[in-house]
Undergrad: 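The structure is given below, and queries will be raised subsequently.
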Amino acid sequence: MLCNLCPRQCNALRTDTQGCGVCCMPNTPVLSRAALHFWEEPAISGTNGSGTVFFSGCSLHCVFCQNSDISYNNKGKAITINQLSDIFRKLENDGAHNINLVTPTHFANSIIKALDIYKPSIPIVYNSAGYESIETLKLLKDYVDIYLMDFKYIDSKKSTMYSKASDYPQICKAALLEVYSQQSKCEFNKENIMQKGVIVRHLLMPSATRDAIEIFDWVRTNLPNAYFSIMSQYIPLHKAKDMPVINRKITSREYNKVIDYIANSEFENCYIQERSSADENYIPNFDFTGIKPD
């Protein structure tokens, strides 16, 4: 197929066995890990864990990516759509609170086909960098229960410098408005595990407190029923360790400035990540756990 699933609109020829374009992935799924994961927001991980499915490849390519082995280096194993469906079923049987699709955009068509084969009775989470086309999101409307979406940049200069995506701010805003129209009301079960809704994540970066505050204000104004998750796990990995400004962790002053602003806003739908989360030990091991050998 000629692929335009993401806003890059690269019209790449992707076959079942060969990939090209920005994501460098074929049509059929390529995975690096499928297992219970306990380091998401409390309403996603709960006590049993989130059934995370890590897809290889990426269309955004942030210079600071913590998962560069799979997003840049494309580490992963190709599987069939039937095998992907079986993975969903196994994670559900293992007690996962949800099926958490991580970096799924370029495999949206395959995901839909797998869910047509078997749709778990637990929520489907679309865990995305926020760089999404409206057309692709509309395809997912009847399949996704929870959108766990990044809002990385509100400054196009930074999105250009760090992700080569000058249009990221407007694309992300439009994408968030679309998913909010699909899931505008957050619902939780008796264990306080989210069943439907939108969570908007923002990764606090060095020298970017104003950006974080502006993003928070946009979310609470435009998506009043959504949850906002401020993340402090930034580590200068991949190319970022050699880049000025972002070659360090955030400071306690930067962290406290943003957290104090959020706390004083009286917006209650928030998750706040502790600074101790900026630790490489929290990065998953992409060792093909949960993926059937060829």
Side-chain angles (χ1 to χ4, degrees), residues 37-47 50 62-67 100 102 125 127-130 146-159 161-163 168-169 172-173 175-176 179-180 186 188 192-194 197-237 240-241 243-284:
H37 187 63
F38 297 88
W39 301 330
E40 307 284 28
E41 286 77 3
I44 301 296
S45 290
T47 54
S50 176
C62 303
V63 296
F64 51 83
C65 183
Q66 294 186 346
N67 298 342
N100 187 350
V102 184
V125 180
N127 188 336
S128 155
I146 299 167
Y147 287 95
L148 184 58
M149 301 267 284
D150 289 349
F151 192 161
K152 292 181 182 291
Y153 314 104
I154 203 160
D155 179 349
S156 62
K157 290 181 180 178
K158 289 176 181 172
S159 65
M161 184 181 301
Y162 301 142
S163 297
Y168 181 95
C172 185
K173 286 178 182 178
L176 287 171
V179 300
Y180 189 71
C186 292
F188 300 81
N192 207 30
I193 303 299
M194 185 175 276
V198 175
I199 300 176
V200 182
R201 286 172 161 173
H202 176 65
L203 177 64
L204 179 57
M205 294 185 63
S207 299
T209 55
R210 289 183 183 178
D211 302 70
I213 288 169
E214 192 174 344
I215 286 172
F216 169 72
D217 282 341
W218 188 91
V219 170
R220 66 172 174 152
T221 299
N222 293 280
L223 317 175
N225 295 325
Y227 273 70
F228 183 77
S229 179
I230 186 71
M231 305 176 73
S232 60
Q233 67 186 47
Y234 178 80
I235 304 171
L237 296 174
K241 58 190 174 185
M243 297 181 72
V245 182
I246 62 169
N247 59 355
R248 62 170 176 83
K249 296 182 181 181
I250 62 171
T251 65
S252 58
R253 183 176 180 277
E254 289 170 328
Y255 178 80
N256 290 334
K257 180 180 178 180
V258 174
I259 300 310
D260 288 348
Y261 184 86
I262 292 173
N264 290 328
S265 72
E266 298 183 355
F267 184 74
E268 296 181 352
N269 295 355
C270 286
Y271 295 107
I272 295 173
Q273 191 178 50
E274 296 180 356
R275 281 188 68 216
S276 59
S277 298
D279 189 322
E280 292 187 48
N281 289 323
Y282 290 114
I283 299 173

Undergrad: Just verifying a value: how many Å separate I250 CD1 and L204 CG, rounded to the nearest 0.5 Å?
TA: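 The CG atom of L204 is 4.0 Å from CD1 of I250, to the nearest 0.5 Å.
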Undergrad: Applying salt bridge (Lys or Arg N to Asp or Glu O under 4.0 Å) as the test, list every pair that has at least one member in residues 250-261; sequence neighbours left out.
TA: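 Of all non-adjacent pairs touching residues 250-261, those that pass salt bridge (Lys or Arg N to Asp or Glu O under 4.0 Å) are R248-E254.
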Undergrad: Indicate the atoms forming the closest heavy-atom contact of Q66 with Q233, along with that distance.
TA: NE2-O, 2.9 Å
Undergrad: Is any side-chain heavy atom of Y147 closer than 4.5 Å to a side-chain heavy atom of V200?
TA: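 In short, these two side chains do not touch, never coming nearer than 4.5 Å.
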Undergrad: For the side chain of T209 and the backbone of V258, is there at least one donor-acceptor N/O pair under 3.5 Å apart?
TA: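 No, T209 side chain to V258 backbone: no donor-acceptor pair under 3.5 Å.
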Undergrad: What closest approach, in Å, do M149 and L176 show between heavy atoms, and which atom pair accounts for it?
TA: CB-CD2, 3.7 Å
Undergrad: Would you compute the distance between atom OH of Y234 and atom CZ of F64 and round it to the nearest 0.5 angstrom?
TA: 7.0 Å
Undergrad: Flag the pair I199 / M194 as yes when at least one side-chain heavy-atom distance between them is below 4.5 Å, and no otherwise.
TA: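 SC-SC contact between I199 and M194 confirmed.
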Undergrad: Is E266 salt-bridged to R220, going by a charged N under 4.0 Å from an acidic O?
TA: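 The answer is no: the pair does not qualify as a salt bridge.
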Undergrad: Just by distance, do the side chain of D150 and the backbone of K152 share a donor-acceptor pair under 3.5 Å?
TA: no
Undergrad: Rounded to the nearest 0.5 Å, how far does CD1 of I246 lie from OG of S207?
TA: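 Here the rounded value is 10.5 Å.
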Undergrad: So, taking the atom named CD1 in I154 and the one named CZ in R210, what distance separates them when rounded to the nearest 0.5 Å?
TA: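 So the CD1 of I154 and the CZ of R210 are separated by 13.5 Å.
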Undergrad: Would you check if I262 and F228 make a side-chain contact, meaning some heavy-atom pair closer than 4.5 Å?
TA: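 Yes. Closest side-chain heavy atoms under 4.5 Å.
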Undergrad: Nearest 0.5 Å, what's the OG-CG distance between S50 and L148?
TA: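 One finds 8.5 Å between OG of S50 and CG of L148.
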Undergrad: Do the side chains of I44 and I146 get nearer than 4.5 Å, heavy atoms only?
TA: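 When only atoms from C-beta onward are counted, I44 and I146 do touch, with a gap below 4.5 Å.
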Undergrad: Hey, are the side chains of W218 and L223 touching, using non-hydrogen atoms and a 4.5 Å cut-off?
TA: yes
Undergrad: Side chains of Y168 and S156: donor-acceptor distance under 3.5 Å anywhere?
TA: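 Per modelled atom types, Y168 and S156 side chains form no pair under 3.5 Å.
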Undergrad: Hey, does S163 have a side-chain heavy atom less than 4.5 Å from the side chain of Y153?
TA: yes
Undergrad: Does the pair W39 and S45 meet the rule for a side chain to side chain contact (heavy atoms under 4.5 Å, CB included), with working shown?
TA: CA-CA 7 Å; W39 301 330; S45 290; 5.7 Å; no
Undergrad: Measure across A278 and S232 and return the closest heavy-atom pair with its distance rounded to 0.1 Å.
TA: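 For A278 and S232, the tightest heavy-atom pair comes out as CB-O, 3.7 Å.
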Undergrad: Report yes or no: do N222 and Y180 form a side-chain donor-acceptor pair below 3.5 Å?
TA: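 Not at all, the side chains of N222 and Y180 share no donor-acceptor pair under 3.5 Å.
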Undergrad: Please assess S229 against Q273 for the test side chain to side chain contact (heavy atoms under 4.5 Å, CB included), listing each intermediate value before the final yes or no.
TA: CA-CA 8 Å; S229 179; Q273 191 178 50; 6.0 Å; no
Undergrad: Looking at H202 and F151, would you say the former's side chain and the latter's main chain have a donor-acceptor pair under 3.5 Å?
TA: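 Here the side-chain-to-backbone pair exists.
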Undergrad: Of all the heavy-atom pairs spanning A212 and I230, show the shortest one and how long it is.
TA: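 Result for this residue pair: CB-CD1, 4.5 Å.
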Undergrad: Would you confirm whether the ring centroid of Y271 sits within less than 6.0 angstrom of the ring centroid of Y227?
TA: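 Centroid separation for Y227 and Y271: below 6.0 Å.
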Undergrad: Which pair of heavy atoms, one from Y282 and one from S277, lies closest together, and at what distance?
TA: CD1-O, 3.6 Å
Undergrad: Given side chains that start at C-beta, do those of K241 and I235 come closer than 4.5 Å, heavy atoms only?
TA: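 No, every pair of side-chain atoms sits at 4.5 Å or beyond.
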Undergrad: How long is the straight-line distance from CD of E41 back to CD1 of I272, given to the nearest 0.5 Å?
TA: 12.0 Å
Undergrad: Of all heavy-atom pairs between N67 and P284, which one has the smallest distance, and what is that distance?
TA: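 N67 and P284 have their closest heavy atoms at OD1-CD, 4.4 Å.
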Undergrad: List the residues meeting ring pair (Phe, Tyr, Trp, His ring centres under 6.0 Å) with F267, not counting sequence neighbours, and say none if there are none.
TA: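 So F267 forms a ring pair (Phe, Tyr, Trp, His ring centres under 6.0 Å) with F216.
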Undergrad: Between the side chains of Y261 and D217, is a donor N or O closer than 3.5 angstrom to an acceptor N or O?
TA: yes
